[in-house]
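Written out below as structure tokens is the structure these notes cover.
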Amino acid sequence: MSAKRAVSVADPVLVEIVEGTLASVEKEVETAIARTARSPMIRDAHDFRAGIHDVRLRKLTGRSYSALVQPVVRDFPTEEMKPGDVFFHNDVYLSEGGIGHLPDLCVTVPVFHRGAVVAFVQAFGHHDDIGGSVPGSMPSHARSVFEEGLMVPPIKLWDEGVPNRAALTIMTRNSRMPDSLAGDLDAECSACLMGARRLGELFDRYGREAVEDCFDAIISKTTETFRRELLAKIPEGTHVWEDYAEHDGVDEPRLHTQRMTLTVDHAATSPLIIDFTGTSPQAKGPINHAGDYADGVFLKKWLAPILRNLADTPERMAELDVNEGVVPLIEMRFPEKGTLLTPIFPAPTNARTFVILRLLGVLAGVLAKATGGRMPADQETIRYTGVYGEGLDGMPYLMREVLGGGSGGRWYADGEDTIHVVPDSRNIPVEFAESRWPFRVERLGLARDSGGPGLYRGGLGYDKHLRMLRDASFMSIADRSILSCWGVNGGRAGRPFVVEIEGRVMEGLVDDSPVRAGEIIRVRTTGGGGWGSPLDRAPALVAADVRDGKVSAEGAREHYGVILHGPADDLSIDEEGTARLRDELRARVPADAPFFDRGSGFPSLSGGLPYAEVDHR
């Protein structure tokens, strides 16, 4: 890796050109993968990302998160790399924190200029199957990483343009979906090689020094923008918040704590100190996340998008990218080895979404406390559900879907319905699903009343019904099936995740629950928490929600204090009755009501404290 060089002032016009080229190359890589991959998870659900990094391993693009280049250069010095090389890894514990579970496969391609490595193009995504004890490589009851699939430390998958057939054969042999895996890897390698050529042309056109000056300028701009526009809005001091994963697949359901202490010092080089002391010990089951490597650099970039909610307007928020420029603003302090965030090999990790998604909410919660509520309410917008068995053609199949949920209400607007935390990801199209797998999608719509009531309502989750045409097995990797997404500043909690098969309620973590031909699987994903008191929401907006099927008439009365008359397409508001009911409901709200509403969930914690009252105000 090249030594750190003196920084010169970049041409501002060239900075714009380089920044636009980086975004264009990243998008071109992702488009190529989406058009040539074979698995539904990559091609249709779009559960993958591309990223561009410079030779100093800094992430240059900011449209979304990506994995890290650190493990590749750790094992393969840049001076030994050659054009046409492609590197591969998925080993959680040897990824420097950039890979969360084994189905996330990462491809890295060096970019060359005049024989030297000058940058990297990378793609990583969630693949159908990489082996392990259950189809999909996400055993919900795993006790070690050895049950979760094939672990591959950084290797050279292509050597100067020649694929390593032995390595590819080993990987596909370990997969239940070998053709899909081979096709996806071929698509990702080819797309990244194409991206590397495109980026190399940028260096050829303007020269290495000028382009690297632009890289410095792009990253510095992010650092200064976040410091000036966002961090300045957080008062100095120390704030604490915690939230919980509810089960780990092995032990009985209990609270697995993720605690965050945020210290803000605007005069410090790193104004934000995030301390995870107080986080629970590592779980026996697969909800651990190895986040303490490389000084937590992956987690810094993963969490930083939450800070964008402090922007002056939603439009400004959408303009702010998250690249390596956020890293110097945050210092992370991890507890000793052996916690949910510092697990010891070979602790299982396949359901680590329970931790890294919860941390987004924990940061939002602690910032809500620090800023008087200028943060969205909680959300849980990713979980894996699916079925597997024998198809109508007698061949084995695996259908797994990453369904979104509702986002939290915000200080200026309702939450969004059925969104996904991974940008551009989506549900699997009904037409594709029914033509490929032995079931019918009998309903795909919004889950009424799932969004947390509030002045600004939480977004709604999905309500999806699958009627099986053959016997199969159901699987699920989902949190928030007991707990709810909390509301903020008087907003109420949303509805939790639930799956029912002919009235049988499933747990959130399921590997192989039998489902018979003709039975219906009903999946209802989480609703986001509400923001502000629902008794302050305009009755006309509540009536509109009822007309749109987002809130029931009963929910309007019970949670918003709005009394409606008439059919759904011709509703009228009982203004006098609504005013009386709202006065009665307001009188029941205690003067010291919690700032956060956690909903129901566990009946009690140790010491008899109801879960809903855990507040840490």
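All values below come from the heavy atoms of this structure, side chains included, with hydrogens, waters and symmetry mates left out. None of these values were measured; they are calculated from a predicted model. Residue numbers run from 1 in the order of the sequence given.
Under 3.5 Å, the side chains of Glu246 and Ser481 contain a donor-acceptor pair of N or O atoms. Side-chain contact, Thr349 with Asn288: no donor N or O sits under 3.5 Å from an acceptor N or O. Side chains of Thr238 and Thr263: a donor on one and an acceptor on the other come within 3.5 Å. A donor atom on one side chain and an acceptor atom on the other are not found under 3.5 Å apart for Arg480 and Thr525. A donor-acceptor pair shorter than 3.5 Å can be found between the side chains of Thr61 and Glu26. Between the side chains of Thr225 and Thr222, not a single donor N or O lies within less than 3.5 Å of an accepting N or O.
Between Gln258 and Val355 the shortest side-chain heavy-atom distance falls below 4.5 Å. Within the 4.5 Å cutoff, the side chain of Leu446 has heavy atoms near those of the Thr418 side chain. Proximity of Met260 to Glu242: side-chain heavy atoms (C-beta onward) are nowhere separated by under 4.5 Å. In this structure, the side chains of Pro286 and Phe354 stay at 4.5 Å or more apart for every pair of heavy atoms. Side-chain contact between Val499 and Arg522: absent, with no pair of heavy atoms (C-beta onward) separated by less than 4.5 Å. Contact of the Leu303 side chain with the Ile306 side chain is not registered, since no non-hydrogen atoms from C-beta on lie closer than 4.5 Å. Two residues are said to be in side-chain contact when any heavy atoms from C-beta on lie closer than 4.5 Å; Leu329 and Thr269 fail this criterion. In this structure, the side chains of Glu336 and Thr342 stay at 4.5 Å or more apart for every pair of heavy atoms.
Rounding to the nearest 0.5 Å gives a distance of 6.0 Å between OG of Ser572 and NE2 of His565. Taken from CD in Glu96 to CG in Leu68, the straight-line distance is 7.5 Å, to the nearest 0.5 Å. Taking CG of Leu359 as the start and CG of Leu341 as the end, the distance is 5.5 Å to the nearest 0.5 Å. Note that the NZ atom of Lys369 and the CG atom of Leu367 stand 11.0 Å from one another [nearest 0.5 Å].
Closest approach of Gly296 to Met332, counting heavy atoms only: O-SD, 3.7 Å. Taking all atoms of both residues into account, the shortest heavy-atom contact from Asn350 to Met138 is O-CE, 3.3 Å. Contact between Thr526 and Glu380 at its shortest, heavy atoms only, is OG1-O, 2.6 Å. The minimum heavy-atom distance linking Tyr412 with Pro314 is given by the pair CE1-CG, 3.3 Å. Closest of all the heavy-atom pairs between Ala311 and Leu320 is CB-CD1, 4.3 Å. Of all the heavy atoms in Val92 and Ser95, the pair that sits closest is O-OG, 2.9 Å.
Arg582 contributes a side-chain N or O that, together with a main-chain N or O of Tyr560, makes up a donor-acceptor pair within less than 3.5 Å. The main-chain N or O of Gly494 is found under 3.5 Å from a side-chain atom of Ser484 such that the two form a donor-acceptor pair. With hydrogens and angles ignored, the 3.5 Å screen pairs a side-chain donor or acceptor of Glu30 with a backbone N or O of Ala50. Remark: side-chain polar atoms of Asp378 are not paired, donor with acceptor, to backbone N or O of Cys485 under 3.5 angstrom. A side-chain donor-acceptor contact under 3.5 Å links Arg383 to the backbone of Leu403. Counting only distance, with no hydrogens or angles, the side chain of Arg352 and the backbone of Ile356 share no donor-acceptor pair below 3.5 Å. Judged purely by atom type and a 3.5 angstrom limit, Arg448 uses its side chain to pair as donor or acceptor with the backbone of Gly549. A donor-acceptor distance shorter than 3.5 angstrom exists from the side chain of Ser220 to the backbone of Asp216, with no hydrogens or angles considered. Checking side-chain atoms of Ser425 against main-chain N and O of His420 turns up no donor-acceptor pair under 3.5 Å. Side-chain atoms of Asp414 come within 3.5 Å of backbone atoms of Arg457 as a donor-acceptor pair (strictly under, hydrogens ignored).
Taking a 6.0 Å sphere around CG of Asp295, one finds it holds 12 or fewer heavy atoms contributed by other residues, nucleotides or ligands. At most 12 heavy atoms of other shown residues, nucleotides or ligands fall within 6.0 angstrom of atom CD in Glu575. Annotation: Glu507, atom CD; neighbour count of heavy atoms from other residues, nucleotides and ligands within 6.0 Å does not exceed 12.
Annotation: cation-pi geometry satisfied between Arg374 and Trp411 (NZ/CZ under 6.0 angstrom from ring centroid, within 45° of ring axis).
Residue pairs satisfying the salt bridge (Lys or Arg N to Asp or Glu O under 4.0 Å) criterion with at least one member in residues 549-560, sequence neighbours excluded, are listed as follows: Asp417-Lys550. Contacts classified as ring pair (Phe, Tyr, Trp, His ring centres under 6.0 Å) and involving residues 299-326 (residues at least two apart or in different chains) are given here: Tyr65-Trp302. Sorted by first and then second residue, the ring pair (Phe, Tyr, Trp, His ring centres under 6.0 Å) pairs with a member in residues 264-301 read Phe276-Phe334; sequence neighbours excluded.
Here the two rings, on His247 and His256, have centers that are 6.0 Å apart or farther.
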| query | Yes or no on salt bridge (charged side-chain N to carboxylate O under 4.0 Å, His left out) for Lys337 and Asp292, after CA distance, side-chain angles and deciding distance? | reply | CA-CA 9 Å; Lys337 282 288 189 180; Asp292 57 326; 3.0 Å; yes
| request: Test Asp536 against Arg586 for salt bridge (charged side-chain N to carboxylate O under 4.0 Å, His left out), laying out the working first. | output: CA-CA 10 Å; Asp536 294 332; Arg586 285 191 180 99; 3.4 Å; yes
| request: I would like to know whether Thr261 and Thr277 meet side-chain contact (heavy atoms from CB on, under 4.5 Å); could you show each step before the answer? | output: CA-CA 8 Å; Thr261 300; Thr277 301; over 6 Å; no
| Step-by-step side-chain contact (heavy atoms from CB on, under 4.5 Å) determination, Asp449 to Val551 | CA-CA 5 Å; Asp449 287 330; Val551 175; 3.6 Å; yes
| Does the pair Arg358 and Asp479 meet the rule for a salt bridge (charged side-chain N to carboxylate O under 4.0 Å, His left out), with working shown? | CA-CA 9 Å; Arg358 190 70 67 253; Asp479 208 26; 2.3 Å; yes
| Audit row: Leu444, Lys464, side-chain contact (heavy atoms from CB on, under 4.5 Å) steps and yes/no | CA-CA 5 Å; Leu444 177 60; Lys464 187 167 188 174; 3.8 Å; yes
| request: Run the numbers on Lys233 and Thr371 for side-chain contact (heavy atoms from CB on, under 4.5 Å), then give the verdict. | output: CA-CA 8 Å; Lys233 292 185 171 67; Thr371 61; 5.6 Å; no
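A salt bridge does not link Arg524 to Asp463: none of the charged nitrogens lies less than 4.0 Å from a carboxylate oxygen. Classification of Asp275 and Arg259 as a salt-bridged pair fails, no side-chain N sitting under 4.0 Å from a carboxylate O.
With Glu324 as the partner, the side-chain hydrogen bond (donor to acceptor under 3.5 Å, both in side chains) test is satisfied by one option alone out of Arg58, Lys59, Lys301: Lys301.
Using cut-offs of 30° and 60° for the angle between ring planes, the Phe596 and Trp241 rings count as parallel. Taking the six-membered ring for Trp and thresholds of 30 and 60 degrees, His101 and His126 have ring planes more than 60 degrees apart, a perpendicular arrangement.
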